[in-house]
Amino acid sequence: MKAIAIKTFGGPEGLAVVDLPVPAPAAGQVLVATEAVGVGGVDTLIRSGALSAYGFKEGFVPGSEVAGTVTAVGDGVDTSWIGRRVWAFTGTGGGYVEQALVPLGQILPLPGSLSPVDAVTLGSAGAVAHFGLRHARFTAGETVLVRGASGSIGIMAVQLAARRGAAAVAVTTSSARRGERLRRLGATHVLDRSGAGGEDAPAGYDVVIDVVAGKDMPSFFDRLGPNGRMVAVGAVGGQPPADFGTKIMASFRKSVSFATFSTATVPPADVRAVRGEQFAAAGRGEIETVVHEVLPLDAAVLAHRKMAAGEVFGRIVLTP
């Protein structure tokens, strides 16, 4: 089967098409014929080599979420899954393939009204946004700033905060055009990448959801109001400075706080329930999935180049 592997860490050109044997599902696993593969920010970090300290090696197949049809099951798995359309979480990798192995506990049936492309645009991002806002203890009537709002997680955070009654939803983005698209999704104030601008934008925010991290993250502690909470749900801009905590201490009298968030800390049953609710809501048109572009699987290098260039609004999806 066709797959995309990291031949060399570094730029997008380090990705290559390889031929792998079709795997056989072991006990508790299913095999999914992929119809859509989501391209995520973590994929680009792994490809760059930034996460090699976590055990990623050259030859690794990236991709964490796919959607398609179950074609085979391992021992202990009900054969009624065969032929069903599902969304599937492959973990930290293994998704850029024509046939993906997935633990049974990491698949979810797709409603008939939701396409595979929309499923991988929403699946991981929607859960991160939902539980990230919960981790920040966001409540109706509070103000929210979404840093890095043009990606799939940021877009979902904007929609969910607006739907839950935020008094204001500010976003950082790179252009006026993107800002207008985010306004249509629920943003009330559009800021530049530094967090400046936005006519009548709040002086301080109750919650900052940060998808970017990177060297400029500490400056956003200045955007928090009294008792404000910043939650980092991603790090597409790389790691923050090692001394970023000094900025928090400088705001000591405002009682601000900082936390990271990963859905790995949420009970799987809770994630599954929320994801199912979001799939149903998207199928009814209550949540918008924003797909930047659909490309063939063997165009993964182009997809990663677009990500690196900052061209993507929403999610790029690969189709085998």
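Note on Val77 and Val102: same hydrophobic cluster, where clusters join Ile, Leu, Val, Met, Phe, Trp and Tyr whose side-chain heavy atoms are under 4.5 Å apart, directly or indirectly. Hydrophobic clustering (ILVMFWY, side-chain heavy atoms < 4.5 Å, transitive): Val291 and Leu318 are in distinct clusters. Leu110 and Leu31 fall into different hydrophobic clusters, defined by Ile, Leu, Val, Met, Phe, Trp and Tyr side-chain heavy atoms under 4.5 Å apart, directly or through other members. Residue Val294 is not grouped with residue Val312 when hydrophobic side chains (ILVMFWY) are merged at heavy-atom distances under 4.5 angstrom, including chains of intermediate members. At a threshold of 4.5 Å between side-chain heavy atoms, the hydrophobic network of Ile, Leu, Val, Met, Phe, Trp and Tyr places Leu101 and Val18 in one connected group.
In this structure, CZ on Phe313 lies 9.5 Å from OG on Ser174, to the nearest 0.5 angstrom. Atom CG in Asp206 sits 3.5 Å away from atom OG1 in Thr143 (nearest 0.5 Å). Summarising the geometry, atom OG belonging to Ser48 is positioned 8.5 Å from atom CD1 belonging to Ile6; distances are rounded to the nearest 0.5 Å. In this structure, the separation between CG on Asp270 and CZ on Arg275 is 11.5 Å, given to the nearest 0.5 Å. Atom-to-atom distance recorded for Leu160:CG and His130:NE2 is 8.0 Å, nearest 0.5 angstrom. Summarising the geometry, atom CD belonging to Gln99 is positioned 10.0 Å from atom OG1 belonging to Thr69; distances are rounded to the nearest 0.5 Å.
Looking only at distances, no side-chain donor or acceptor of His189 sits under 3.5 Å from a matching main-chain atom of Pro202. In this structure a side-chain-to-backbone donor-acceptor pair under 3.5 Å is missing from Gln106 to Pro103. The backbone N or O of Val169 sits less than 3.5 Å from a side-chain atom of Thr188, completing a donor-acceptor pair. Of the possible donor and acceptor atoms, none in the side chain of Asp243 sits under 3.5 Å from a partner among the backbone N and O of Thr246. The closest donor-acceptor contact from the side chain of Asp210 to the backbone of Val231 lies at 3.5 Å or more, if one exists at all.
Using a 4.5 Å heavy-atom threshold, the side chains of Val39 and Arg315 count as separate. Using a 4.5 Å heavy-atom threshold, the side chains of Ile316 and Lys306 count as touching. Looking at Tyr205 and Val144, their side chains never come closer than 4.5 Å, going by heavy atoms from C-beta outward. Under the 4.5 Å side-chain criterion, counting only non-hydrogen atoms from C-beta, Thr44 is not in contact with Val236. Tyr96 has its side chain out of reach of Val66: every pair of non-hydrogen atoms, C-beta onward, lies at least 4.5 Å apart. Taking the side chain as every heavy atom from C-beta outward, Leu145 and Val207 never approach each other to under 4.5 Å. Side chains of Val86 and Leu108 form no contact here, defined as non-hydrogen atoms less than 4.5 Å apart. Proximity of Val146 to Val208: side-chain heavy atoms (C-beta onward) are nowhere separated by under 4.5 Å.
Across all their heavy atoms, Pro320 and Ala36 have their closest contact at CD-N, 4.3 Å. Contact between Ala167 and Gly141 at its shortest, heavy atoms only, is CB-O, 3.2 Å. Residues Ala125 and Thr121 come closest through the heavy atom pair CB-O, 3.9 Å. Among all heavy-atom pairs drawn from Gly112 and Arg85, the shortest one is CA-NH1, 4.1 Å. Taking every heavy atom of both residues into account, Ile4 and Ala300 meet most closely at CG2-CB, 3.8 Å. Contact detail for Gly148 and Val212: the closest heavy-atom pair is CA-CG2, 3.7 Å.
Salt-bridge formation is not detected for the pair Glu13/Arg47: no Lys NZ or Arg NE/NH1/NH2 atom is positioned less than 4.0 Å from an Asp or Glu carboxylate oxygen. Under the 4.0 Å criterion applied to side-chain N and carboxylate O atoms, Arg177 and Glu180 are not assigned as salt-bridge partners. Salt-bridge formation is detected for the pair Asp298/Lys2: a Lys NZ or Arg NE/NH1/NH2 atom is positioned less than 4.0 Å from an Asp or Glu carboxylate oxygen. In this structure, Glu142 does not pair ionically with Arg164, as no charged nitrogen and carboxylate oxygen lie closer than 4.0 Å. Classification of Asp216 and Arg193 as a salt-bridged pair fails, no side-chain N sitting under 4.0 Å from a carboxylate O.
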All N/O donor-acceptor pairs, side-chain side in residues 276-285, below 3.5 Å, sequence neighbours left out:
{"from": "Gln278", "atom 1": "NE2", "to": "Gly126", "atom 2": "O", "distance (Å)": "3.1"}
{"from": "Arg284", "atom 1": "NE", "to": "Glu286", "atom 2": "OE2", "distance (Å)": "2.9"}
{"from": "Arg284", "atom 1": "NH2", "to": "Glu286", "atom 2": "OE1", "distance (Å)": "3.1"}

Can you give me every donor-acceptor pair (side chain of residues 54-64, partner residue at least two apart or in another chain, under 3.5 Å) with its distance?
{"from": "Glu58", "atom 1": "OE2", "to": "Phe9", "atom 2": "N", "distance (Å)": "3.3"}

Pairs of donor and acceptor atoms involving the side chains of residues 248-264, under 3.5 Å and at least two apart or interchain, shall be tabulated with distances.
{"from": "Lys254", "atom 1": "NZ", "to": "Leu224", "atom 2": "O", "distance (Å)": "2.5"}
{"from": "Ser262", "atom 1": "OG", "to": "Ala264", "atom 2": "N", "distance (Å)": "3.1"}

Residue pair Gln159, Ile287: steps toward the side chain to side chain contact (heavy atoms under 4.5 Å, CB included) verdict: CA-CA 7 Å; Gln159 292 189 73; Ile287 293 176; 4.0 Å; yes
Candidate pair Ser115 and Asp118, rule side chain to side chain donor-acceptor pair (under 3.5 Å), full reasoning: CA-CA 5 Å; Ser115 73; Asp118 287 335; 3.3 Å; yes
Side chain to side chain contact (heavy atoms under 4.5 Å, CB included) assessment of Leu182 paired with Ile155: CA-CA 7 Å; Leu182 288 163; Ile155 286 170; 4.2 Å; yes
Stepwise side chain to side chain donor-acceptor pair (under 3.5 Å) check, Thr34 with Glu98: CA-CA 5 Å; Thr34 58; Glu98 292 180 311; over 6 Å; no
Check against side chain to side chain contact (heavy atoms under 4.5 Å, CB included), Leu122 and Met156: CA-CA 8 Å; Leu122 173 60; Met156 283 305 304; 3.7 Å; yes
Intermediate values then yes/no, side chain to side chain contact (heavy atoms under 4.5 Å, CB included), Arg147 and Met217: CA-CA 9 Å; Arg147 181 179 178 229; Met217 189 188 82; 3.8 Å; yes
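Between Ser150 and Thr173, the side chains place a donor N or O and an acceptor N or O closer than 3.5 Å (distance only, hydrogens not considered).
Other residues, nucleotides and ligands place more than 12 heavy atoms under 6.0 Å from the CG atom of Asp78.
For the side-chain contact (heavy atoms from CB on, under 4.5 Å) with Val128, the qualifying choice from Val211, Ile153, Leu133, Val266 is Ile153, the only one to do so.
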